[in-house]
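Remarks on the structure that follows.
Since this is a predicted model, take the numbers as computed values, not measurements.
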Amino acid sequence: MDGRRQLGEFLRTRRAQVRPEELGVETYGDLRRVPGLRREELAMLAGVSASYYARLEQGLSSNASPQVLDAIATALRLNEAERRHLYALAAGSKGRPAGRRAAPERVGEAARQLMQALADVPAVVLGRRSDVLAWSPAGHALFAGHLDFDGPDRPGQRPNMARLVFLDEHTRELYEDWPAKARAVVGTLRAASGRFPHDSALAALIGELSMHSSEFARLWADHKVKSGGAAVYRMRHPLVGAMTVTQQTLLTETGQVLVIATTEAGSPSQAAMTLLVHTAATRPHSAQAPVEEPQLPVLPE
């Protein structure tokens, strides 16, 4: 991924989404050939010359100061996640550092201990490319019980959450509002591409998803960014039925992501999750040999 090209694409996309009248820019009723702000209008709002901003958008400049980036971010009304993404893109546009190909990611010892403590909680550790580095038995049962439990232990063959959401029918069916989950996944990958613009494996993943999923390609072109936080999803699990699940995303010291799924206390969703956790704790942790699923009662929601 080219850092300068990414920076220019992000600026153009965001500029097109800002309505001039929202910022007090007088249009005098003229016919506009481009959506949103013109380059010169954004340059004026940011207090920089139109020619300098044009070079920045065209990938011909890589020396934007923090003050200029702040001014552009303010003019574009970027939120905090989008501001961080802008700064990361600007830093990545200054050239590719020399070095060897990154080694496969591994779960840090602290995160591994935490996963052991969360054995009865649906939890997953994701790497910077959304590869599953580890999951608890309950996390495996909730998100990908149809896959081999030991998959995360095999670098190069690990399940990838972004790939599952867009290319795996089982995972797509898990989410009642699949488009919302898809947008969140793309926003997370977009943020990662800004932090790691020279990651060839990440670029290959994005290319694969763009080639095999028109929905991913459309969302990727929108340059929306997501960073951490919590999201509530209505999930339809094949074993225990419908649940309303809160997925909380926490960042570890090593930059990996811990996703924990919770439900509201005393709710039918909690009863369904408890049943799923119990099932995960009593079944073999390998999908290599088919396991006959127990007959589970239908829970009201």
Side-chain angles (χ1 to χ4, degrees), residues 17 78-85 88 111 114-115 118 120-136 138-145 159-195 202 205-206 209 213 215-216 218-238 240-252 255-274 276-277 301:
Q17 295 175 0
L78 301 185
N79 61 33
E80 189 57 36
E82 292 166 338
R83 280 178 179 263
R84 289 197 297 269
H85 185 60
L114 181 57
M115 290 296 288
L118 295 173
D120 294 333
V121 176
V124 179
V125 177
L126 301 179
R128 67 192 193 188
R129 309 177 194 98
S130 295
D131 290 327
V132 178
L133 306 183
W135 46 23
S136 66
H140 170 248
L142 176 63
F143 293 110
N160 179 277
M161 276 300 177
R163 189 179 286 116
L164 289 174
V165 166
F166 282 94
L167 303 181
D168 181 76
E169 195 61 33
H170 172 90
T171 306
R172 180 184 284 258
E173 289 298 318
L174 274 180
Y175 292 92
E176 189 171 291
D177 187 0
W178 179 86
K181 180 61 178 179
R183 288 192 297 272
V185 168
V186 173
T188 299
L189 277 183
R190 176 60 76 179
S193 74
R195 294 195 302 272
L202 178 58
L205 172 65
I206 292 167
L209 294 174
S213 171
E215 293 157 314
F216 178 88
R218 176 179 55 81
L219 291 171
W220 184 255
D222 201 33
H223 284 262
K224 291 291 178 62
V225 182
K226 181 181 183 297
S227 179
V232 179
Y233 297 105
R234 181 76 169 170
M235 300 185 74
R236 300 173 296 200
H237 199 278
V240 297
M243 296 180 288
T244 300
V245 177
T246 299
Q247 295 182 17
Q248 303 184 56
T249 303
L250 309 174
L251 190 65
T252 71
Q256 295 166 354
V257 171
L258 175 64
V259 180
I260 300 176
T262 59
T263 53
E264 183 180 356
S267 68
S269 294
Q270 185 185 47
M273 184 69 82
T274 299
L276 181 63
V277 170
E301 179 66 21

Open item on the list: Could you go through Thr246 and Thr263, starting from their C-alpha distance and side-chain angles, then the distance that decides it, and tell me whether this counts as side chain to side chain contact (heavy atoms under 4.5 Å, CB included)?
Closed with: CA-CA 6 Å; Thr246 299; Thr263 53; over 6 Å; no

TODO: Check whether any side-chain heavy atom of Val132 sits under 4.5 Å from a side-chain heavy atom of Val125, and report yes or no.
DONE: no

Task: Contact summary for Val225 and Ala81, nearest pair of heavy atoms - done: CG1-O, 3.9 Å

TODO: Mind checking the CG-CZ spacing from Asp222 to Arg190? Nearest 0.5 Å is all I need.
DONE: 9.0 Å

- [ ] Might you confirm whether atom CD of Glu264 has over 12 heavy atoms from other residues, nucleotides or ligands at distances under 6.0 Å?
- [x] no

Task: Side-chain heavy atoms of Met115 within contact of Leu258, under 4.5 Å - done: yes

Task: Under 3.5 Å: donor-acceptor pair, side chain of Gln270, backbone of Gly266 - done: yes

Open item on the list: Tell me if a side-chain donor or acceptor on Ser136 pairs with a main-chain N or O of Ala123 at a distance below 3.5 Å.
Closed with: yes

Task: Contact check, side chains of Arg163 and Asp168, non-hydrogen atoms, under 4.5 Å - done: no

Task: Side chain to side chain, Pro159 and Phe143, heavy atoms closer than 4.5 Å - done: no

TODO: Measure the CG-OG distance between Leu202 and Ser193 for me, rounded to the nearest 0.5 Å.
DONE: 6.5 Å

Open item on the list: As an exercise, state the distance from CD of Gln256 to CG of Leu133, rounded to the nearest 0.5 Å.
Closed with: 5.0 Å

TODO: Kindly say whether the aromatic ring centers of Trp178 and Phe166 come within a distance under 6.0 Å.
DONE: yes

Open item on the list: Between Thr244 and Val232, is the side chain to side chain contact (heavy atoms under 4.5 Å, CB included) condition met? List the steps.
Closed with: CA-CA 7 Å; Thr244 300; Val232 179; 3.6 Å; yes

Open item on the list: With a 4.5 Å cut-off on side-chain heavy atoms, are Leu205 and Asn160 touching?
Closed with: yes

Open item on the list: Let me confirm one number: the NZ-CG distance from Lys224 to Leu219, rounded to the nearest 0.5 Å.
Closed with: 9.0 Å

Task: Evaluation steps, side chain to side chain contact (heavy atoms under 4.5 Å, CB included), between Arg234 and Tyr175 - done: CA-CA 6 Å; Arg234 181 76 169 170; Tyr175 292 92; over 6 Å; no

Open item on the list: Counting C-beta onward and ignoring hydrogens, is there a side-chain heavy-atom pair between Lys181 and Glu176 closer than 4.5 Å?
Closed with: no

Open item on the list: I'd like to check Leu250 versus Val257 (side-chain heavy atoms, cut-off strictly below 4.5 Å). Are they in contact?
Closed with: no

Open item on the list: So Met273 and Leu142, do their side chains get closer than 4.5 Å, heavy atoms only?
Closed with: yes

TODO: Nearest 0.5 Å please: distance from the CE atom of Met161 over to the CG atom of Leu189.
DONE: 12.5 Å

Task: Side-chain donor or acceptor of His237 paired with backbone N/O of Ala272 under 3.5 Å - done: no

Open item on the list: Measuring from atom CZ of Arg129 to atom OG1 of Thr188, what distance do you get when rounded to the nearest 0.5 angstrom?
Closed with: 15.5 Å

Open item on the list: Under a 3.5 Å distance rule, please check whether His170 uses its side chain to pair with a backbone N or O of Leu174 as donor and acceptor.
Closed with: no

TODO: Please check if the side chain of Ser269 supplies one atom and the backbone of Met243 the other of a donor-acceptor pair under 3.5 Å.
DONE: no

Task: Smallest separation among heavy atoms of Ser130 and Ala162, with atom names - done: CB-N, 4.0 Å

Open item on the list: Walk me through whether Leu126 and Val259 qualify under side chain to side chain contact (heavy atoms under 4.5 Å, CB included).
Closed with: CA-CA 8 Å; Leu126 301 179; Val259 180; 4.0 Å; yes

Open item on the list: Between Arg172 and Glu215, is the salt bridge (Lys or Arg N to Asp or Glu O under 4.0 Å) condition met? List the steps.
Closed with: CA-CA 12 Å; Arg172 180 184 284 258; Glu215 293 157 314; 2.8 Å; yes

